[in-house]
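Atoms within a ligand are numbered from 1 in the order they appear, just like the ligands themselves. Just so it is clear, the values below take in all heavy atoms, side chains as well, and ignore hydrogens, waters and symmetry mates.
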Amino acid sequence: MKNNKSVKEYAKLQYSSHENLTNRMNLWSYGSNPETLPKWIFSHFKLQGKEKLLELGCGTGQLWLENYKKIPSTCSIVLSDFSQKMLNKAKENLEPLNLPINFKVIDAQKIPYGNQNFDVVIGCHMLYHIPNIDKALVEISRVLKPSGRFISTTVSKNHIKELKNFLSKFGLYSDEKLKLFSEFRNETGNDVLKPFFEEILFNEYLNYVKITSVTPIINYIDSMSLKERYPNYQEIKPQLENAFKKILEKKSKFEITGISGMFIAKKPIRT
Ligand SMILES: C[S@@+](CC[C@H](N)C(=O)[O-])C[C@H]1O[C@@H](n2cnc3c(N)ncnc32)[C@H](O)[C@@H]1O
């Protein structure tokens, strides 16, 4: 993979604090889907109560925070992230709830557990941040028990397309030039997972957001590390704000389409 270095550097920059992710998640609270993404994801786990689970790239732990009443006390869960700051936030959110959760700093490319340890490994909206996805998938497969499940989520190439179009008018977004992500999207995830897993199932999740004020959208745009990536971002930002205000004056709302997806993949009994 040619862009290994930029993928690694971007992930490090993005998650040196939890604020970027927190601001992005806030946008979806304006969404039309009555079921939030973390609730939708959790509803697919169908936990029996005895499972050992490992989550990679847990971020702020929102998945467990929104579903904490449904977590069987008899499960054993490890939440991990390569960023100590993200993990601290997850701990702050979840430790008071007295759940069967341990926390650990882990880079998904090198998982510090023995073979065939977990029933379920989870990686939500995080595989595209990994410089060498195959290396992580070898590790994930190794720590899964035979027939264990790897549950991963990601986004479609058309995710937030209205926002990407808006930013590209200001020279602030180009899919071709970005090269800050490894390829793992709704459209390509199956091909990435296929060499390692079988019985791969896919489900799509849609959420339409109608934004009626400038702040949540500017916070979201700020969270994309544009300040660090575009030297002229601070000069362009007032133009963005004005353009956005004009859209709101004219149409009273700015609509954004969120398209996520989930892959549920099984580790073959014999590998
Ligand atoms: C978009 S956030 C998703 C957080 C959470 N899973 C969620 O869906 O809300 C991506 C997370 O993956 C973590 N991450 C990025 N690269 C990683 C790696 N190589 N190993 C483990 N975690 C990683 C980041 O620190 C960040 O918390």
Testing Asn93, Ile101, Leu94 for side chain to side chain contact (heavy atoms under 4.5 Å, CB included) with Leu97, which one passes? Leu94

Counting only N and O atoms by type, is there a donor-acceptor contact under 3.5 Å from the side chain of Thr74 to the main-chain atoms of Lys50? no

So which of Cys124, Pro131, Ser182 gets nearest to atom 8 (O) of ligand 1, if we judge by its closest heavy atom? Cys124

Ala108 versus ligand 1: do any nitrogen or oxygen atoms come within less than 3.5 Å of each other? yes

Checking a contact table here: which protein heavy atom is nearest atom 19 (N) of ligand 1, and how many Å away? Asp107 OD1, 3.1 Å

Taking only non-hydrogen atoms of His129 and a 4.0 Å limit, the atoms of ligand 1 in range are 10 (C), 15 (C), 16 (N)

Whether over 12 other heavy atoms sit under 6.0 Å from Tyr208 OH: no

My understanding is that we take every heavy atom of each candidate and find the minimum distance to atom 27 (O) of ligand 1. Doing that for Thr153, Asn20, Asp81, Val155, which one comes out nearest? Asp81

Answer side chain, backbone, both or neither: which part of Gln62 comes under 4.0 Å from ligand 1, heavy atoms only. neither

Please indicate whether Asn98 has more than 12 foreign heavy atoms, meaning atoms of other residues, nucleotides or ligands, lying under 6.0 Å from its CG. no

Option nearest atom 10 (C) of ligand 1 (shortest heavy-atom distance, choices Lys89, Lys12, His125): His125

Is there a donor-acceptor contact under 3.5 Å linking the side chains of Asn88 and Gln84? yes

Report the part of Pro38 (side chain from C-beta onward, or backbone N, CA, C, O) that has a heavy atom under 4.0 Å from ligand 1; answer both or neither where that applies. neither

Atom indices of ligand 1 within 4.0 angstrom of Ile106 heavy atoms, with elements: 20 (N), 21 (C)

Check: Asn26 side chain, Thr22 main-chain N or O, donor-acceptor pair, under 3.5 Å: no

Answer with yes or no whether Leu56 contacts ligand 1, where contact means a heavy atom under 4.0 Å from a ligand atom. no

For ligand 1, is there an N or O atom under 3.5 Å from any N or O atom of Gln109? no

Going by distance only, is there an N or O of Met126 that falls short of 3.5 Å from an N or O of ligand 1? no

Expected output: side-chain Arg24 to main-chain Met224 donor-acceptor under 3.5 Å: no

For ligand 1, which is the ligand I care about here, please tell me if Gly57 has any N or O atom under 3.5 Å from one of the ligand's N or O atoms. yes

Look only at the side chain of Thr153 and the backbone of Gly261, and say whether a donor-acceptor pair between them is shorter than 3.5 Å. no

Could you identify the single nearest non-hydrogen protein atom to atom 23 (C) of ligand 1 and state the distance to 0.1 Å? Phe82 CD2, 3.4 Å

Contact check: Ser83 vs ligand 1, nitrogen or oxygen atoms, below 3.5 angstrom: no

Heavy-atom distance to atom 2 (S) of ligand 1: which of Tyr10, Tyr128, Tyr15 wins? Tyr15

Under 3.5 Å, is there a donor-acceptor pair linking the side chains of Ser156 and Glu187? yes

Lys70, NZ: over 12 other non-hydrogen atoms inside 6.0 angstrom: yes

